[in-house]
Amino acid sequence: MKAASLGLVFFPAFDWAITPTHPEREERLLYTRDQIVEEGLLDLPAIKEYRPQLAGLADIERVHIGVPNIESLITDAHLLSAGGAIAAAQAVMRREVTNAFALVRPPGHHAMRVVHGTRGFCTINIEAVMVEYLRRHYGVQRIAIVDTDVHHGDGTQDIFYHDPDTLFISFHQDGRTLYPGTGAMSELGSPGAFCSTVNIPLPPGTTDAGLHEVLDRLVLPMLEDFRPDMIINSAGQDNHYSDPLANMAVTAQGYARLAEKLKADIAVLEGGYSIEDALPYVNTGIILAMAGLDYSRVIEPDNARCPRQSVATTNYIAKLVAEWQDIWQGRDRLRREAVAKAGGWWQQRRNIYYDDSGIQERQTETVRLCPRCHGYQLIDTQAQGYPFGMKSAFAAIIPRNSCPACRAQARDAVHKARQAGRHDCCFIQDKQEDILVPCGT
Amino acid sequence: MLLGIDVGGTFTDAVLIADGQVVAAAKTPTTRQSLLNGVVTVIDKVLTGVDAKKIRRAALSTTIVTNALVEGKTDKVALFLLPGPGLNVTGLIPGEPHFLSGYTDHRGREQACPAEAEVAAVCRKLEDHEVAAVAAKFAVRNPRQEQLVTDWVNKYLQPKHITLGTQVSGSLNYLRRINSAYYNSAVWRIFSRFAQAIEAALAERDIIAPVYILKADGGTLPLTTAKSTPVEAIFTGPAASVLGIMALTKPVEPAISLDMGGTTTDIALWQHGMPLFAPDGARVKDYPTAVRSFCLRSVGIGGDSYVRRENGLLAVGPMRCGPAMANGGLAPAVTDALRVAGLIDYGDIGLARQAMERVAEATQTAAEAAWETLRLAAATVCQAVQDMLAEQAARPVYKVEELVAGRPFKPELLIGVGGAASGLAPLVAKQLELPWQIPPGHMVANAVGAAAARPTTEITLRADTAQGFYTVPELGVIQEFAKRRFTLQDAWTAAGTHLAERAAAGGMAEAADCSERLYEEEFNLIRGFNTIGKIMTCKLQIKPGVLMPVQMREAEL
Ligand SMILES: [Zn+2]
Ligand SMILES: [Zn+2]
């Protein structure tokens with residue numbers, strides 16, 4: 001048996017911040033760096049360090065549609081954090097290591113397919129960019145993404161909402177009590193990909209016990225049923241009891257045991273803003289667990305202040321798990337019903353708020369449900385915000401395996417929109433050709 | 001005059017330097033059993049007809065520490081660790097750890113107290129240990145607990161020597177500080193004895209000048225100071241050759257240097273006239289340490305490398321079977337190939353030809369076999385150079401700017417030194433498509449390096465203006481100041497004072513003028529949305545380097 005080995009891409013971006021006092025600022029990974037270096041983790045034979053690379057614009061545009069374009073909305077730091085995730089994936093795919101952890105910033109899981117600016121500290125979705133990179137360059141098909149951040153991974157959900165090959169599981173503090181407010185159980189994926197989105201909203205105060213209950217009785221069995229080629233972990237660390245932005249009660253041990261059970265092929269850092277009291281310990285625990293090393297001694301010095309889980313919370317979680325088990329058992333029937341009910345088309349209208357950029361977006365998404373292929377999607381978006389006033393766009397997304405009829409229809413829709421001239425920009429994101437074509441008006 | 005002595009694996013060399021000129025050089029086989037015999041012999045040779053009182057400074061590079069480690073002639077160390085929460089180091093370090101309570105966190109805040117009773121109990125179990133080491137996690141952020149436990153160990157165990165982790169390094173990396181402290185104590189007795197013998201031998205020869213020991217980072221330490229930090233004297237051979245190159249020819253362009261000796265070729269990389277340093281420290285017997293050293297790679301190709309056929313395939317090195325046949329040895333070696341190919345003109349050509357005939361294939365002449373040997377030897381060195389360059393290019397960085405603007409290291413020159421360099425280095429340069437240079441004096445580059453090396457030392461100052469104190473772990477300093485009224489400029493000023501203090505304590509006060517900023521880091525500490533202080537790190541060193549450029553007219557010696 002080959003010893004477990006972990007590829008670590010550590011890129012703290014010590015010279016990048018959203019703003020000087022923003023939670024997502026230069027020293028966010030400073031104390032993590034201190035802990036990792038002080039522990040000597042980078043000297044262990046089971047851990048191999050990699051440097052990130054600059055992701056290309058093509059890698060980003062395989063996922064995102066930036067309005068008016070993605071270049072104007074991002075910095076080199078974004079390309080490097082996405083490139084860090086890609087470097088981690090490459091190390092695993094080349095079999096240089098058994099698994100990898102991209103400990104990078106800025107994070108990405110709140111970035112949706114259409115990007116007008118920064119929301120929830122995220123501008124581009126680094127896991128999604130990595131997933132599509134894996135599909136394009138290594139032909140990996142079935143991918144499960146387990147989002148363990150305390151916030152709902154609404155961006156990742158949006159990007160894969162119509163893709164039955166991507167199982168997106170997010171457990172998070174209930175959206176009724178925390179940003180971004182989404183992630184209810186009823187968000188299950190559009191009919192063609194029904195139940196490939198799994199949201200598990202947990203009550204504030206959930207501890208290691210609650211989290212592992214959900215993991216053991218829901219998440220791990222779901223992964224077993226789905227049989228993914230790869231498991232990706234959106235490893236947010238803001239479930240920690242000391243996190244200033246959330247109200248959960250998970251410890252470093254809880255996170256490390258989670259990493260050990262989940263056996264993700266690639267983990268990518270997301271949130272986590274208790275930069276002094278949690279991140280050094282949580283990250284050390286996850287690194288050791290992923291490298292197959294003893295993590296039992298990683299215990300926060302102030303561990304005694306972690307609250308206990310209330311009986312009410314324990315009961316609530318038990319009920320939630322039972323409810324989800326029912327849905328999961330009946331998922332095939334539910335999908336058939338949803339498809340039948342939708343007919344050929346499915347549509348949703350949404351308002352999306354960009355808290356970091358102060359942008360309000362209105363979006364209508366129309367999905368074609370095709371009996372022969374994965375169909376296609378049309379997006380009509382209008383955003384309002386400082387300093388640009390109003391901007392609008394229309395886009396068609398053609399998935400990897402679309403039939404000729406769907407391709408033609410999707411292109412036609414964009415041409416019509418362009419002729420109508422009501423949008424500032426029009427795009428075709430063609431996943432088969434692997435290009436994003438902007439069409440001027 | 002400066003006296004430089006290099007105890008190498010095969011030869012012990014000595015040089016005398018006067019006014020930047022090598023005025024005498026001598027060579028004698030290294031006496032493995034008693035290194036001192038060889039050292040004494042070579043000193044007597046080089047001092048023939050010289051007034052020993054004119055020697056201003058004597059410096060020595062020695063394998064004593066490396067040999068002691070390789071041969072396992074080290075002492076049992078009582079190892080006291082305060083690991084706090086984190087990695088379980090059991091099995092990852094040499095020796096048996098004894099874990100104690102007590103923890104200081106990453107900001108130097110005491111989180112749990114050490115217990116005297118625990119230390120006393122461990123000491124009772126370890127009564128037969130004569131040396132000890134104490135290392136606490138994050139002691140570089142606050143050395144108080146490490147010092148406290150050291151006091152207790154002195155009280156209950158009374159070892160002959162005790163090493164503190166912070167004493168061997170002021171940098172983060174607990175694992176490396178443990179290993180360094182452990183080895184420092186483990187080799188302390190053998191090094192002290194050697195140092196005393198050297199002092200006696202020099203005194204006998206009327207050499208009254210101060211004596212220095214070369215360090216792995218190319219600096220020197222007064223022998224008396226080196227007695228308390230002998231671990232710094234590992235790997236000084238390659239460091240000596242790097243210093244020798246610096247003295248003999250300071251490359252201005254990015255360069256690769258090869259020190260091609262009897263058994264190995266040591267590769268170093270150069271930028272802006274300085275060799276690159278290893279990012280963290282040297283490895284000792286597969287254990288990473290905090291001993292600062294040049295970025296070096298050693299490959300088993302040298303003049304004595306054994307040449308043979310294995311299943312019809314030619315093989316060169318990494319082992320040696322004594323000297324080459326041209327020099328009276330019994331087995332074919334690279335030097336024989338160089339002789340037959342006409343690239344060197346010493347040694348017996350007839351014996352060299354016999355050697356090459358022995359490794360030639362049926363259809364090959366001796367000359368063809370010689371060239372095949374040399375191409376293979378050069379290719380092996382080239383591969384090691386390429387690997388080293390690739391590793392350099394993949395070295396992680398932690399800032400956006402470094403990744404976007406950083407240029408990969410691209411060598412423009414190859415420098416060869418050492419016995420096998422004149423024949424082999426040009427072949428390596430040709431394969432790498434680089435111009436090459438072999439400076440006069442290259443045969444004794446290591447001894448020149450030892451003679452000309454400057455004393456160095458470094459300190460790390462870390463200030464936390466929210467807590468209102470700074471630490472200098474190498475000196476065990478914890479200094480309080482008025483909260484928030486401390487700037488980066490103040491930090492550098494204080495660092496300068498402490499560096500001078502450390503230099504003076506190490507008997508190198510005059511060297512403190514050549515200080516250089518090694519590292520600077522400054523972060524805001526934010527609570528809520530307010531800046532409540534700054535965390536600053538300054539690393540200041542006395543620049544490693546040479547006292548003066550050295551010239552040598554090859555023909556004279
Ligand atoms: Zn989050
Ligand atoms: Zn179709």
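By convention in this document, chain letters (A, B, ...) are assigned in the order of the sequence lines, proteins followed by strands, and residues within each chain are numbered from 1.
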> Heavy atoms under 4.5 Å from chain B: which residues of residues 239-257 of chain A carry them?
Replying inline: none
> With respect to chain A, which residue among Val400(B), Asn530(B), Leu92(B), Val89(B) yields the maximal number of heavy-atom pairs within a distance under 4.5 Å?
Replying inline: Val400(B)
> Side chain, backbone, both or neither: which part of Phe99(B) has an atom under 4.5 Å from a heavy atom of chain A?
Replying inline: side chain
> Has the side chain of Arg297(A) got a donor or acceptor atom that lies under 3.5 Å from a matching backbone atom of Leu87(B)?
Replying inline: no
>> Under 4.5 Å from any heavy atom of chain B, what part of Leu44(A) do you find: side chain, backbone, both or neither?
In response: side chain
> Between CD1 of Ile535(B) and CG of Leu30(A), what distance do you get to the nearest 0.5 Å?
Replying inline: 6.0 Å
> Using a cut-off of under 4.5 Å for heavy-atom pairs, which of Gly86(B), Ser171(B), Pro83(B) has the most such pairs with chain A?
Replying inline: Gly86(B)
>> Keeping Arg51(A) on the side-chain end and Ala393(B) on the backbone end, is there a donor-acceptor pair under 3.5 Å?
In response: yes
> Given a strict heavy-atom distance threshold of 4.5 Å, which part of Asp286(B) is in contact with chain A: side chain, backbone, both, or neither?
Replying inline: neither
>> Please check if the number of heavy atoms outside Glu401(B) that lie under 6.0 Å from its CD is greater than 12.
In response: no
> chain B heavy atoms under 4.5 Å from Leu42(A): which part of the residue, side chain, backbone, both or neither?
Replying inline: side chain
> For Gln53(A), is it the side chain, the backbone, both or neither that has a heavy atom under 4.5 Å from a heavy atom of chain B?
Replying inline: neither
>> Just so I understand: if I count every heavy-atom pair under 4.5 Å between each of Ile299(A), Asp43(A), Leu293(A) and chain B, which residue has the most?
In response: Asp43(A)
> In Å, rounded to the nearest 0.5 Å, how long is the span from NE2 of His106(B) to CZ of Arg33(A)?
Replying inline: 12.0 Å
> Can you find a heavy atom in the side chain of Glu26(A) that is under 4.5 Å from one in the side chain of Asn524(B)?
Replying inline: no
>> Taking side chain as everything from C-beta outward and backbone as N, CA, C, O, which of these in Leu41(A) sits under 4.5 Å from a heavy atom of chain B? Side chain, backbone, both or neither.
In response: side chain
>> Please determine whether side chain to side chain contact (heavy atoms under 4.5 Å, CB included) holds for the pair Asp15(A) and Glu402(B), giving the CA-CA distance in whole Å, both sets of side-chain angles, and the decisive distance to 0.1 Å.
In response: CA-CA 10 Å; Asp15(A) 50 352; Glu402(B) 287 174 298; over 6 Å; no
>> Applying a heavy-atom distance below 4.5 Å, give me the residues of residues 80-88 of chain A that approach chain B, sorted by number.
In response: Leu80(A)
> So which part of Tyr295(A) gets closer than 4.5 Å to some heavy atom of chain B, the side chain, the backbone, both or neither?
Replying inline: neither
> Distance from Glu521(B) atom CD to Glu27(A) atom CD, nearest 0.5 Å?
Replying inline: 11.0 Å
>> What part of Pro52(A) gets within 4.5 angstrom of chain B, counting heavy atoms only: side chain, backbone, both, or neither?
In response: both
> Are Gln35(A) and Phe138(B) close enough that some pair of their side-chain heavy atoms sits under 4.5 Å apart?
Replying inline: yes
> Are side-chain heavy atoms of Tyr281(A) and Asp105(B) found at a separation under 4.5 Å?
Replying inline: yes
> In terms of ring plane angle, is the pair Tyr398(B) and Phe14(A) parallel, tilted or perpendicular, where the classes change at 30° and 60°?
Replying inline: perpendicular
> Taking everything shown except Lys261(A) itself, do over 12 heavy atoms lie less than 6.0 Å from its NZ?
Replying inline: yes
> Looking at Arg107(B), Arg177(B), Lys137(B), Arg176(B), which one forms a salt bridge (Lys or Arg N to Asp or Glu O under 4.0 Å) with Glu38(A)?
Replying inline: Arg177(B)
